[in-house]
**Student:** 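My questions will all concern the structure given below.
Letters go in sequence order (proteins before strands), and every chain restarts at 1. Worth saying up front: this structure is predicted, and the values here are computed from it rather than measured.
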Number of protein chains: 2
Amino acid sequence: MTAPSDARARGTRLPRVRRRRQLLAAAQEVFVARGYHAAAMDEIADRAGVSKPVLYQHFPGKLELYLALLEEHSEALVEKQREALESTDDNRQRVTASFQAYFDFVAGDGEAFRLVFESDLRNLPAVREKSEQTFQRCAELIGKVIRQDTSISDEEAHLLSIALVGMAETSARYWLNNHGSVPQNAAEQLVARLAWRGISGWDLTRSSEEAEFED
Amino acid sequence: MTAPSDARARGTRLPRVRRRRQLLAAAQEVFVARGYHAAAMDEIADRAGVSKPVLYQHFPGKLELYLALLEEHSEALVEKQREALESTDDNRQRVTASFQAYFDFVAGDGEAFRLVFESDLRNLPAVREKSEQTFQRCAELIGKVIRQDTSISDEEAHLLSIALVGMAETSARYWLNNHGSVPQNAAEQLVARLAWRGISGWDLTRSSEEAEFED
DNA sequence: CATCGAACCTACGCGGGAGTAGGATGAGGG
DNA sequence: CCCTCATCCTACTCCCGCGTAGGTTCGATG
């Protein structure tokens with residue numbers, strides 16, 4: 001099914017940093033495929049073509065191994081998001097770029113997004129905190145833009161940002177699970193348009209909303 | 001901390017159906033507080049003021065117990081959603097009612113929503129399927145309304161519905177975790193307005209979107 | 001008041017997976 | 001050529017938590 005990553009030549013020795021990288025890659029595959037609980041350290045070691053104690057010479061335990069990956073990909077997402085919002089001064093473009101960043105994140109890097117969005121370890125405070133903090137940082141980046149260009153209050157802007165991020169995350173995940181029905185570009189554009197229609201010109205309409213769908 | 005539910009009189013015998021209901025309530029408390037994996041059958045039994053074998057006389061195993069709860073609350077959510085959308089013919093009202101239903105669901109019933117939205121067992125096919133199916137059914141209810149009153153294609157309508165549901169779920173969950181900063185009504189209204197602005201009059205603007213935030 | 005069955009208990013088996021002890025092996029420096 | 005140290009392996013221990021065997025008590029029924 002999936003490529004065995006790097007189980008090549010079960011007898012090759014590797015310098016420390018190289019081995020570490022490889023172990024992280026193997027761990028990611030297993031954690032993504034099985035989730036934290038169902039992932040066995042034995043399988044991770046096997047996948048890396050190495051035996052278990054080697055794993056423990058690089059990471060103090062299963063949890064720390066997991067956290068290392070979570071940290072890495074959380075930062076990557078926030079960074080992608082920051083870049084997207086800084087890539088232009090046109091707010092319509094910003095929305096497009098922001099959604100594109102979300103879709104790219106979900107589409108890339110061996111489905112690592114599952115660690116950030118679908119972790120089965122969110123009951124552990126350390127993990128819950130990291131996930132929520134990542135989510136909040138993304139929302140805050142967007143919130144800053146909204147506040148900059150409107151007179152929306154801080155609290156309202158924040159909640160709106162949360163809603164937008166939720167929209168992005170959910171639709172990107174859904175799109176990936178049903179690959180094939182719609183190309184990435186079309187999906188991005190569609191959802192970005194929904195968001196832009198929702199947020200643009202917000203200041204103008206405080207209570208004049210009588211339009212209907214049709215006509 | 002939390003009220004012990006029903007650990008009253010460790011020596012009272014109960015008729016079968018009554019006991020079953022009470023066991024489900026105890027299980028819900030524990031599963032919600034700890035998640036599936038960290039939840040121990042011993043603790044559930046304790047919480048119900050009963051010993052473990054009693055649990056196994058009512059449910060074949062931990063998994064089935066969990067699935068019973070998941071099923072119950074998934075159906076409740078879909079039902080709430082259906083009622084909301086049937087409660088009026090005005091689409092603006094429908095949006096409001098739909099979001100209100102989501103917020104109500106999240107706010108009610110001992111945080112049972114965590115079983116549906118934050119399950120740490122989504123790697124199990126049976127659970128994943130149930131969660132996604134619930135999500136999809138909610139989206140489909142909304143999608144039907146959209147298709148009814150616009151000329152949006154089926155595929156696009158579906159993806160838009162997904163995005164809207166994601167928005168509702170995410171913002172409701174966020175709102176609950178940060179209780180106190182905003183009253184439920186205000187949060188609902190704000191997010192509903194965002195959604196309505198996004199979706200209403202969609203047909204009219206196929207590619208005329210040049211407005212900016214300000215002015 | 002005896003009997004029967006349902007509800008309940010204490011105490012255990014046991015499997016699976018994290019983490020470890022102790023030894024082998026191979027590459028580079030003297 | 002040999003010594004040293006880091007890399008790696010086989011083969012365990014140990015704990016935790018699901019599920020169960022077998023016996024006990026209470027209430028209902030004749």
Side-chain angles (χ1 to χ4, degrees), chain A residues 5-27 29-31 33-70 120-121 123-124 126-127, chain B residues 5-27 29-31 33-70 120-121 123-124 126-127:
Chain A
S5 163
D6 253 320
R8 63 191 178 191
R10 166 106 193 178
T12 42
R13 296 186 165 203
L14 256 54
R16 196 167 171 76
V17 284
R18 211 164 187 73
R19 179 64 80 191
R20 186 189 151 94
R21 254 193 266 288
Q22 190 221 5
L23 289 176
L24 280 169
E29 286 180 28
V30 178
F31 281 136
R34 304 231 188 286
Y36 179 84
H37 295 286
M41 292 296 265
D42 290 285
E43 185 179 354
I44 295 174
D46 276 3
R47 179 86 52 131
V50 119
S51 81
K52 215 174 7 164
V54 175
L55 217 43
Y56 284 91
Q57 285 165 2
H58 287 262
F59 304 93
K62 187 182 182 183
L63 180 60
E64 288 77 11
L65 177 54
Y66 188 80
L67 289 178
L69 288 167
L70 184 61
D120 59 343
L121 203 61
N123 290 295
L124 203 76
V127 173
Chain B
S5 165
D6 255 318
R8 64 189 177 191
R10 167 103 191 180
T12 42
R13 291 181 171 210
L14 255 54
R16 196 168 170 78
V17 284
R18 210 164 188 72
R19 179 63 81 193
R20 187 189 150 94
R21 252 192 266 288
Q22 189 222 4
L23 289 176
L24 280 170
E29 286 181 28
V30 177
F31 281 135
R34 303 232 189 287
Y36 179 84
H37 294 286
M41 292 297 264
D42 291 284
E43 186 180 353
I44 295 174
D46 276 2
R47 181 83 53 128
V50 119
S51 82
K52 219 177 0 167
V54 175
L55 217 43
Y56 285 91
Q57 285 164 2
H58 287 262
F59 304 93
K62 187 182 182 181
L63 181 60
E64 288 78 11
L65 178 53
Y66 187 81
L67 289 177
L69 288 167
L70 185 61
D120 59 341
L121 203 61
N123 290 296
L124 202 76
V127 172

**Student:** What is the distance from atom CG of L24(A) to atom CZ of F31(A), rounded to the nearest 0.5 Å?
**Tutor:** 10.0 Å
**Student:** Please list, chain by chain and in numerical order, all residues satisfying side-chain hydrogen bond (donor to acceptor under 3.5 Å, both in side chains) with E43(B), sequence neighbours excluded.
**Tutor:**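 With sequence neighbours excluded, E43(B) shows a side-chain hydrogen bond (donor to acceptor under 3.5 Å, both in side chains) to R34(B), R47(B), given in chain and number order.
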**Student:** Which parts of residues 53-64 of chain B get close to DNA chain C, meaning a heavy atom less than 4.0 angstrom away?
**Tutor:**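 Here the set is P53(B), V54(B), Q57(B).
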**Student:** Enumerate donor-acceptor pairs with a distance under 3.5 Å from any side-chain N or O in residues 59-66 of chain A to protein atoms, sequence neighbours excluded.
**Tutor:**
residue	atom	partner	partner atom	Å
K62(A)	NZ	Y36(A)	O	3.0
K62(A)	NZ	A39(A)	O	2.8
E64(A)	OE1	G61(A)	N	3.2
Y66(A)	OH	S119(A)	OG	2.8

**Student:** Starting at CD1 of I44(A), measure out to CG of L23(A) and round the result to the nearest 0.5 Å.
**Tutor:** 9.0 Å
**Student:** Looking only at non-hydrogen atoms, find the nearest pair between L55(A) and M41(A) and report the distance.
**Tutor:** CD2-O, 3.6 Å
**Student:** Shortest non-hydrogen contact from A45(A) to S51(A)?
**Tutor:**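 That would be CB-C, 3.8 Å.
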**Student:** Over how many whole Å does the gap from E43(B) atom CD to dC18(D) atom P extend?
**Tutor:**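 Roughly 10 Å, once rounded to whole Å.
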**Student:** Does dC8(D) have OP1 or OP2 sitting under 4.0 Å from an N or O in the side chain of R19(A)?
**Tutor:**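 For R19(A), the contact criterion (side-chain N or O under 4.0 Å from OP1 or OP2 of dC8(D)) is met.
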**Student:** Are V50(B) and R19(B) side-chain neighbours, meaning at least one heavy-atom pair lies under 4.5 Å?
**Tutor:** yes
**Student:** Which ones in residues 34-42 of chain A lie close to DNA chain C, meaning a heavy atom under 4.0 Å from one of its atoms?
**Tutor:**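 A39(A), A40(A), M41(A), in order of number.
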**Student:** Return the value, rounded to whole Å, for the distance between atom NZ of K52(B) and atom P of dC14(C).
**Tutor:**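 In whole Å, dC14(C) P and K52(B) NZ are 15 Å from each other.
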**Student:** How many whole angstroms separate atom CD of Q22(A) from atom P of dT7(D)?
**Tutor:** 14 Å
**Student:** Find the distance R18(B):CZ to dA6(C):C1' and express it as a whole number of Å.
**Tutor:** 18 Å
**Student:** At a cut-off of 3.5 Å, list every protein nitrogen or oxygen paired with a nitrogen or oxygen from nucleotides 25-28 of chain C, distance to 0.1 Å.
**Tutor:**
residue	atom	partner	partner atom	Å
dT25(C)	O2	R13(A)	NH1	3.4
dT25(C)	O2	R13(A)	NH2	2.7

**Student:** Could you report the tightest heavy-atom contact between V127(A) and L67(A), atom names first, then the distance?
**Tutor:** CG2-CD2, 3.9 Å
